**Q** 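After the structure tokens below, expect a handful of questions from me.
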Amino acid sequence: KELIDASSVNLIISGGNSPNFFLKKLSTKKKILKKINIFLSDERLVDKKSEFSNYNHLKSNLKKSKIFSPQDFKNNRNKKKKFFNKLKNKKVISIIGIGEDGHYASIFNNSKKIKSLIDTKKKPNILITEKIGKPKLRRVTVNLSTILLSKKIFIIINTQQKKKLFIKCIKNKLNPLYSLVKYSNDNLLIYNAKSLKRI
């Protein structure tokens with residue numbers, strides 16, 4: 001509420017289950033939803049109606065919202081340009097959940113493209129990964145430079161185990177979480193995904 005003023009915003013939301021409680025709360029805020037365009041940070045390369053589709057999951061929670069998926073813009077340079085023109089034309093806020101292995105937005109430490117994905121000298125971009133993660137599927141994801149377009153980045157953590165993992169990654173400089181924290185400057189906040197209270 002504090003970040004969404006009279007103008008609308010672009011909200012980047014990561015896939016997975018971490019944002020579920022936030023999405024449930026957001027779905028009841030009709031006035032706020034009218035000011036938000038939703039951008040998926042990442043998607044599994046499956047049909048949008050698949051049970052594994054992040055788009056399908058998001059749409060089931062935010063039925064009437066505009067949702068832009070990187071899957072729709074991945075195929076050529078002009079489509080990517082269109083995606084980023086839409087994203088950059090308003091204030092950006094990111095809601096990012098993390099996996100049990102420390103990945104976020106389909107950016108896995110053992111990905112063949114990890115260097116390109118977390119290189120902040122690279123321009124904001126959409127990349128396709130190899131088959132990776134659970135379920136083991138090819139994925140399309142924005143890079144770290146895209147997330148760093150955000151005025152605020154909210155990391156949401158839904159288990160104690162993930163909280164410990166997050167601390168370990170930052171302390172031991174383990175990517176990709178370490179790079180996210182390192183380059184987000186003062187724009188990053190950490191919240192409990194179940195209570196939506198700051199950690």
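The basis for the numbers below is simple: all heavy atoms, side chains too, and nothing from hydrogens, waters or symmetry mates. Note that the coordinates shown come from a computational prediction; the quantities given were computed from them, not determined experimentally.
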**Q** Are Phe83 and Ile67 in one and the same hydrophobic cluster, where Ile, Leu, Val, Met, Phe, Trp and Tyr link if side-chain heavy atoms are under 4.5 Å apart?
**A**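 Unlinked, Phe83 and Ile67 end up in two clusters.
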**Q** So, using ring-ring contact (aromatic ring centres under 6.0 Å, His included) as the criterion, who are the partners of Phe22 when residues are at least two apart?
**A**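 If we apply the ring-ring contact (aromatic ring centres under 6.0 Å, His included) test to Phe22, skipping adjacent residues, there are no hits.
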**Q** Could you pull out every donor-acceptor pair under 3.5 Å between side chains of residues 182-191 and any protein atom, sequence neighbours left out?
**A**
{"unit_1": "Ser184", "atom_1": "OG", "unit_2": "Leu180", "atom_2": "O", "d": "3.1"}
{"unit_1": "Ser184", "atom_1": "OG", "unit_2": "Val181", "atom_2": "O", "d": "3.1"}

**Q** Tell me whether Ile126 is reachable from Leu11 by hopping between hydrophobic residues (I, L, V, M, F, W, Y) whose side-chain heavy atoms are closer than 4.5 Å.
**A**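 As far as the 4.5 Å side-chain criterion goes, Ile126 and Leu11 are not connected within one cluster.
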**Q** Can you pull out every salt bridge (Lys or Arg N to Asp or Glu O under 4.0 Å) where at least one residue sits in residues 47-75? Sequence neighbours excluded, please.
**A**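 Found Lys48-Asp72.
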**Q** Pairs under 3.5 angstrom only: tabulate donor-acceptor contacts from the side chains of residues 155-168 to other protein residues two or more places apart or in another chain.
**A**
{"unit_1": "Asn158", "atom_1": "OD1", "unit_2": "Lys162", "atom_2": "NZ", "d": "3.0"}
{"unit_1": "Thr159", "atom_1": "OG1", "unit_2": "Lys162", "atom_2": "N", "d": "3.0"}
{"unit_1": "Lys162", "atom_1": "NZ", "unit_2": "Ile98", "atom_2": "O", "d": "2.9"}

**Q** Would you please name every residue forming a side chain to side chain contact (heavy atoms under 4.5 Å, CB included) with Lys173, sequence neighbours left out?
**A**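 Per chain and number, Lys173 pairs via side chain to side chain contact (heavy atoms under 4.5 Å, CB included) with Tyr178.
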**Q** For Lys194, does its backbone N or O pair with a side-chain atom of Lys197 as donor and acceptor, under 3.5 Å?
**A**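 Checked: no pair found.
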**Q** Take atom NZ in Lys90; do more than 12 heavy atoms of anything else shown fall under 6.0 Å from it?
**A**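 Counting other residues, nucleotides and ligands, NZ of Lys90 exceeds 12 neighbours.
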**Q** Quick one: side chain to side chain donor-acceptor pair (under 3.5 Å) partners of Ser14, sequence neighbours excluded?
**A**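 Testing Ser14 for side chain to side chain donor-acceptor pair (under 3.5 Å), a comparison that skips the adjacent residues, returns none.
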**Q** Return the set of residues passing side chain to side chain donor-acceptor pair (under 3.5 Å) with Ser94 (not counting sequence neighbours), or none when no residue passes.
**A**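 Per chain and number, Ser94 pairs via side chain to side chain donor-acceptor pair (under 3.5 Å) with Ser150.
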**Q** Considering only residues two or more places apart or on different chains, which pairs with a residue in residues 106-128 satisfy ring-ring contact (aromatic ring centres under 6.0 Å, His included)?
**A**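 For residues 106-128: His103-Phe108.
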**Q** For Lys113, give me all partners under side chain to side chain contact (heavy atoms under 4.5 Å, CB included), at least two apart in sequence or on another chain.
**A**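 By the side chain to side chain contact (heavy atoms under 4.5 Å, CB included) rule, Lys113 matches Ser111, Leu117, Leu127.
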**Q** So, using ring-ring contact (aromatic ring centres under 6.0 Å, His included) as the criterion, who are the partners of Phe68 when residues are at least two apart?
**A**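 Phe39.
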**Q** Could you tell me which residues satisfy side chain to side chain contact (heavy atoms under 4.5 Å, CB included) with Asn76, sequence neighbours excluded, listed by chain and number?
**A**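 Residues passing side chain to side chain contact (heavy atoms under 4.5 Å, CB included) with Asn76: Asn78, Lys79.
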**Q** Excluding sequence neighbours, so at least two apart, what forms side chain to side chain contact (heavy atoms under 4.5 Å, CB included) with Lys112?
**A**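 Once residues adjacent in sequence are excluded, the partners of Lys112 under the side chain to side chain contact (heavy atoms under 4.5 Å, CB included) criterion are Glu130.
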